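In what follows, chains are A, B, ... by sequence order, proteins preceding strands, each numbered from 1. All of these numbers come straight from a predicted model, not from anything done at the bench.
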Amino acid sequence: MAGLGFEETELRLGLPGGNDAEEATRSSGKRAFEETIDLKLKLEQPACPTENEEDEEAAAADVIPAAANSLSSPAASVATGGGNMKRSPSQSSVVTAELPDPEKPRAPKYVLLHLLCMPLLHRVMLKHAVGWPPVRSFRKNIQSSQKGAGAGAAALVKVSMDGAPYLRKVDLRMYGSYHDLSKALEKMFSSFTIAGSCGSQGMKGMNETKLADLLSGSEYVPTYEDKDGDWMLVGDVPWEMFVESCKRLRLMKGSEAVGLGHSEGDGEMQEQMLRNAYLHASGISCKDTALLFYVS
Amino acid sequence: MTYFPEEVVEHIFSFLPSHSDRNTVSLVCKVWYEIERLSRRSVFVGNCYAVRPEQVVRRFPNVRALTVKGKPHFADFNLVPPDWGGYAGPWIEAAARSCVGLEELRMKRMVVSDESLELLARSFPRFKALVLISCEGFSTEGLADIASHCNVNLNLNCFGACLVDSRTLPQLRHLRELDLQENDVEDRGPRWLSSFPDSCTSLVSLNFACIKGEVDSASLERLVAKSPNLRSLRLNRAVSVDTLSKILLRTPNLEDLGTGNLTEEFQTESYLRLTNALEKCKMLRSLSGFWDASPACVPFIYPLCHQLTGLNLSYTPTLEYSDLTKMISRCVKLQRLWVLDCISDKGLQVVASSCKDLQELRVFPSDFYVAGYSAVTEEGLVAISSGCRKLTSLLYFCHQMTNEALLTIAKNCPNFIRFRLCILEPRKPDATTNQPLDEGFGAIVRECKGLRRLSISGLLTDKVFMYIGKYAKQLEMLSIAFAGDSDEGMMHIMNGCKNLRKLEIRDSPFGDGALLGNVAKYETMRSLWMSSCNVTLKGCEILASKMPMLNVEIMNELDGSCEMEENSVDPSRVEKLYVYRTTAGARDDAPNFVKIL
């Protein structure tokens, strides 16, 4: 573990309801996802046919203790558990057959992994079984072509500025940082700011907080709508994360943004202001918004 | 009744609603057999290899509508190797010889060649309707023949992966219905639309959603303008919002619409025109398409929502929870909803509180290649079940489930006819207790007495099969994947499910014991599919010798997906097994990787 530097990375076996009691009661999506990871630790198993998922699960069940010593050498862990690896699917009951007996250690369900590992494991996830999940090719093809268009391609988002007669669109992937983005926005909307104060000031040494300050100085606060539909202040999260989650940008008039991101902001006022922002940006009625806030 | 004149008996038979009823009366006596067979207008063949085409056409020479199905269902998921079979040729040839009155032909999962289509076109003067679902093997040339020879009302529906060249479609002179759904269309340009002759005014249904390329808007508008009977129109991604608006102004009787492209820049005027046009379509009940729809377009659909009974948003990953719920919460009359899992549990709660008439729900996964993660869980389904008590048909992909949830769902919705649950990660246990999901599915089969179709997933032991065998008395089709512990599991099904017609199993530990445990059962079923299970060659041979009226097909080819460095421990293990009853004997069109015992 130490070699990997991920203190939080921890592989452990546990009985149901044992030291992982708290984990067992959580039912968030994230926990389930971690559970998914646990059985997929067998990244490359050259000695074992990869045809059947159950092989891999049975193998994982055997090798977890060994793998606890070394995440990065699955081959070694296979060797340790190799004697127990079976190939035919009936041996998948190695996992299931032990269920009635609570004394025996269960198949590994309580493996924790550092969050940073997850994106990596996405890619090296066990080779998914043929025809699983059972979705028709037509649908798979359509969605992979849609993804292909989206991922890695332009992250075009609309930018609105309160009071401006029309919106603009920017491709967030064209920029490497908030600094770059703010420069571009400045160029786009400079003609609309009062006395062009934005443009005349220059943007040297801009960073996240300064952008907010500057724009708030000129009465505009950059906000964005994220994937969950919430309106956020630009600049809080790392740039990469912002690009992934930003759906549209809004340069909000300072007066509406009072309290947003500032310590003296009143929670209630922030919420109301956010609602206003949401309403304004979406052009929907109050009633609809109320419904949405109720159900979310 | 045998003293009645034949015409009277025939007339009485005409009231029999189903094929099975007609089959039954034909067994009563010779006279009835004759009357029935000569007056039969519609024949359904569930497995094209169960009976010889010649036998069918000889017995029912006056058939008008013929339906034939080919490959097993798991072919949809690439489990059946290509070139396995399911050829339409012999059927069309036999019908051409003996049933010249044929008007309608429906085929599913079959291989249809151009020659067959050309023969079809030449042979049936009254031909009206061609429906191809998930078929393949033909091209435009074949369709052109259909078009040029058929000079009466023609229904042409193509679903699934068939190769259709857009150039052929033009020559369909008196087309009533051209429905190309989920096809892989080779696009050769936009001219096909303009080739509909002026005399073609009978169009009722036009669906070209799967054609990838550009479409000539002017031609499309002209075509729609001269089709006053148009009820169903599904456009492809290339059709713009403006074109859609113009078209809609001409189709006030439209009942079913598949939109074109809705990603355009937010041009208020265009969208306002669209809303105006949509508002004129008072008959519109069903909406689909939404290709690449941007969230900004959603409000412009609002005026329509209150009248919708069907909504398909399952090709739109660009709409997320908030956009989806804004639309769906207005669709208070919705009966059928197809969405992606990006709707999330929260979104499903909105569906549950808004759509009280919901009968069918399908939630598809938006990400196939990251095993085990989706935004919907058991909570979404529980919410749906408590809000939508009329639910009868479900297809639900999720990343976790619990027994408690399934118990609740079963109690809330005892009217399920189709219940298909796919937990994305194979063998995943109950998310809170880590127990198998036996009890949950047990509750489903116990409460839902009318259940006809079931697909199970997650961690399951033999116990779930015990429940299914005990309670699922109406079950006709069962799909099993990564489930069970031993032969006992499958035996419960074979012994318990009296009405079972189709059983398909993959990656489960059932072997020869289960295969041979109740061989008489196979005569009452259409087919059995087993792949990546524990059956051996020996077991299959025994089955074949005991039951000569079955075809026992074994497929052991090593396709690319197997990637087996070495053969399995048991070299006689059968990788793919397909067993079906037949009166036709071993088929002669099997490829060399298929061995028929």
Quiz item: So what's closer than 4.5 Å to chain A heavy atoms on B:Ile423: side chain, backbone, both or neither?
Solution: backbone

Quiz item: Mind checking what makes ring pair (Phe, Tyr, Trp, His ring centres under 6.0 Å) contact with B:Phe397, not counting sequence neighbours?
Solution: none

Quiz prompt | Residue pair B:Asp430, B:Thr402: steps toward the side-chain hydrogen bond (donor to acceptor under 3.5 Å, both in side chains) verdict | solution = CA-CA 4 Å; B:Asp430 180 313; B:Thr402 66; 4.7 Å; no

Practice problem: Using non-hydrogen atoms and a 4.5 Å limit, figure out which bit of B:Thr318 sits close to chain A: side chain, backbone, both or neither. | Solution: neither

Quiz item: By a 4.5 Å heavy-atom criterion (distance strictly below it), what part of A:Lys227 contacts chain B: side chain, backbone, both, or neither?
Solution: both

Self-check item: Which of B:Gly511, B:Ser455, B:Cys422 touches chain A most, by non-hydrogen pairs under 4.5 Å
Solution: B:Cys422

Quiz item: What distance do B:Phe482 atom CZ and B:Ser508 atom OG have between them, rounded to the nearest 0.5 Å?
Solution: 8.0 Å

Self-check item: Atom pair CG/OG of B:Asp507 and B:Ser532 - distance to nearest 0.5 Å
Solution: 4.0 Å

Quiz item: With a 4.5 angstrom heavy-atom cut-off, which part of B:Phe74 approaches chain A: side chain, backbone, both or neither?
Solution: neither

Self-check item: Counterpart residues, salt bridge (Lys or Arg N to Asp or Glu O under 4.0 Å), relative to B:Glu504 (two or more places apart)
Solution: none

Exercise. Can you tell which part of B:Arg506 gets under 4.5 Å to a heavy atom of chain A, answering side chain, backbone, both or neither?
Key: side chain

